[in-house]
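For ligands, and for the atoms within them, numbers begin at 1 and follow the listed sequence.
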Amino acid sequence: MTLQTLILAAGQGTRMRSQLPKVLHQIAGRPLLAHVHRLASSLGDNAISVIYGHGGEQVLKTLGELPARWVEQKERLGTGHAVMQVADWIRDDATVLILYGDVPLLQQSTVQRLLHHAGEGSLGLLTITLDNPTGYGRIIRNGNGDVVSIVEEKDATPEQRTVREVNTGILAVRGGHLKRWLGRLTNDNAQKEYYLTDIIAMAVADGIYVDTTQPGEEAEVLGVNNRQQLAELERLFQARQACSLMEQGVTLRDPARFDLRGDIVQLGQDIEIDVNVILEGRIELGSGVKIGPNVWIRNASIAQGVEILANSVIEDAVIGADSRIGPFARIRPETRLSAHVHVGNFVEIKKAEVGEGSKINHLSYVGDARVGSGVNVGAGTITCNYDGANKHLTVIEDGAFIGSDTQLVAPVTVGRNATIGAGSTITKDTPADTLTLSRAKQINVEGWQRPVKKPKA
Ligand code: UD1
Ligand code: CA
């Protein structure tokens, strides 16, 4: 079967009250339209076309790289008119799937079911029965229960408006049929629009059976028209992701307080995630990883056994097995920690490699550095990596011990097993196996008297 998918995305989205085209608003950190494109791409061999309109340049700039035939609908004259924009591209023998760019939660299983209903003699239509059908096109059936047409709310009689089965807009139809019916659409209706829904009555007239199917859950066919709906769908999407993670063996202390805005590309067993954790981008989590409360992680690979304590931030980093991060640690881009590394509170690490078993436990800045294994970096140690113009490298070789409150003025190397006395400012390389310190000698002034307050006159 040849599959062609049309994503209708030219709608204005006035009720979003936004400068941003509606389909670029995000759910879980990804534009609405990207969710729909991802679903379409998941259907295997599928030629995708996106009909865009409102804010076209912005849409192309943000998503234009996605593989699709991008076609602009210059005037928005209805869903039928949108499909007409690509009539030439539609193949007679293809199954054409129509999706909406602002309906992001549709599931692959539902679409697959729908596609089975489309053929030479039938058309697949996704419908749903709602308690409140206001605003939707109504599914009109005859005495045998067969679909005969769709009537839009604005064109419906009071009796037709009582019908609660509605059109989701999503359908699958043989290309040849679709093109034939597109040619016959008119805008002779209440909204003076070319309604794609008019093809249903044409199908029936041509003896094509309209085979309806329903989504697994209502959320799948909900669209975004305003910010309230955007927030609602975000929660539904997050709940779905949380549920899937729990099915895969992850403990979530509270699934309602967990957000994934991206993809977990690798997931071990027995991972525990406390409340208010946000994972973004591309994430790998090894077995036994524990993430404490209020943690934000973006694009990171966290190896097995790692513990991330409360209020830590990790971005573009690799954390080696059994390491312990936080609480209140900040791991910035291009950081690679080996196994069994400890990074404690109020420690910032940027563009640094830290070897196995090294510890940076308190109040430090380590940036542009190569730290060996078994190194102890004392409290308050700072790599002075920036001279106001350029960044320089600090190298701390294996087994070194850096006393508290040391400044390492880069470029500088601390030799293997070297010890730096607390409070030192190190500006030159220090030899291996040696104690280096740079601080004024202590003096003790005997008999010194503290000043006393003068008595008031
Ligand atoms: C449409 C259906 C209605 C259905 C409802 C479900 C028609 C005539 N009506 O209603 O039966 O119950 O969807 O939500 O099809 N779009 C374009 N170009 C246009 C017009 C629309 O690309 O010229 C896109 C929109 O961006 C949107 C989709 O088509 O993604 C549906 O448009 P919308 O205006 O929301 O649909 P309705 O006409 O309200
Ligand atoms: Ca709508």
**Request:** Return the set of residues passing side chain to side chain donor-acceptor pair (under 3.5 Å) with T383 (not counting sequence neighbours), or none when no residue passes.
**Result:** none
**Complete:** Honestly, for Q73 the part within reach of ligand 1 (heavy atoms, under 4.0 Å) is side chain
**Message:** Among G53, A10, G78, which one puts a heavy atom closest to atom 19 (C) of ligand 1?
**Reply:** G78
**Request:** Report yes if Y100 has an N/O atom closer than 3.5 Å to an N/O atom of ligand 1; otherwise report no.
**Result:** yes
**Request:** Answer yes or no: is there an ion pair linking E220 with R240, defined by an N-O contact shorter than 4.0 Å?
**Result:** no
**Prompt:** Do E348 and R332 meet the salt-bridge criterion of a basic N to acidic O distance under 4.0 Å?
**Reply:** yes
**Message:** Regarding atom 12 (O) of ligand 1: of the candidates T197, V224, N167, which has the closest heavy atom?
**Reply:** N167
**Request:** Anything under 30° is parallel, anything over 60° is perpendicular, the rest tilted; go ahead and classify H35 against F237.
**Result:** perpendicular
**Message:** If the contact criterion is a heavy-atom separation under 4.0 Å, does A9 count as touching ligand 1?
**Reply:** yes
**Message:** Heavy-atom distances under 4.0 Å decide this one: backbone, side chain, both or neither, for A82 against ligand 1?
**Reply:** side chain
**Request:** Could you check Q241, Q248, E247 and say which one makes a side chain to side chain donor-acceptor pair (under 3.5 Å) with S244?
**Result:** Q248
**Request:** Tell me, please: is V166 in heavy-atom contact with ligand 1, that is, under 4.0 Å?
**Result:** no
**Prompt:** Would you say D102 and ligand 1 have an N/O pair spaced under 3.5 Å apart?
**Reply:** yes
**Prompt:** Does ligand 1 have a heavy atom under 4.0 Å from the side chain of N225, from its backbone, from both, or from neither?
**Reply:** neither
**Request:** Mind checking whether V103 contacts ligand 1 via backbone (N, CA, C, O), side chain (CB onward), both or neither, at a 4.0 Å heavy-atom cut-off?
**Result:** neither
**Asked** Below 3.5 angstrom, do we get any N/O pair linking Y195 and ligand 1?
**Response** no
**Item:** L8, any N or O under 3.5 Å of ligand 1 N or O
**Value:** yes
**Fill in**
Note: E152, heavy atoms under 4.0 Å from ligand 1, region reported as side chain
**Request:** May I ask you to decide whether R141 forms a salt bridge with D146, counting only side-chain N to carboxylate O separations under 4.0 Å?
**Result:** no
**Fill in**
From the list R298, R282, R38, salt bridge (charged side-chain N to carboxylate O under 4.0 Å, His left out) with D263 holds only for R38
**Request:** Say whether T79, considering both its backbone and side-chain N or O atoms, lies within less than 3.5 Å of an N or O atom on ligand 1.
**Result:** yes
**Message:** Can you list everything that forms a side chain to side chain donor-acceptor pair (under 3.5 Å) with D211? Sequence neighbours excluded, please.
**Reply:** H117
**Asked** N/O to N/O below 3.5 Å, does that happen between G135 and ligand 1?
**Response** no
**Item:** Side-chain ion pair, K350 and D316, N-O less than 4.0 Å
**Value:** no
**Prompt:** What do the steps show when you test N385 against Y365 for side chain to side chain donor-acceptor pair (under 3.5 Å), and what is the final call?
**Reply:** CA-CA 10 Å; N385 59 330; Y365 172 62; 3.3 Å; yes
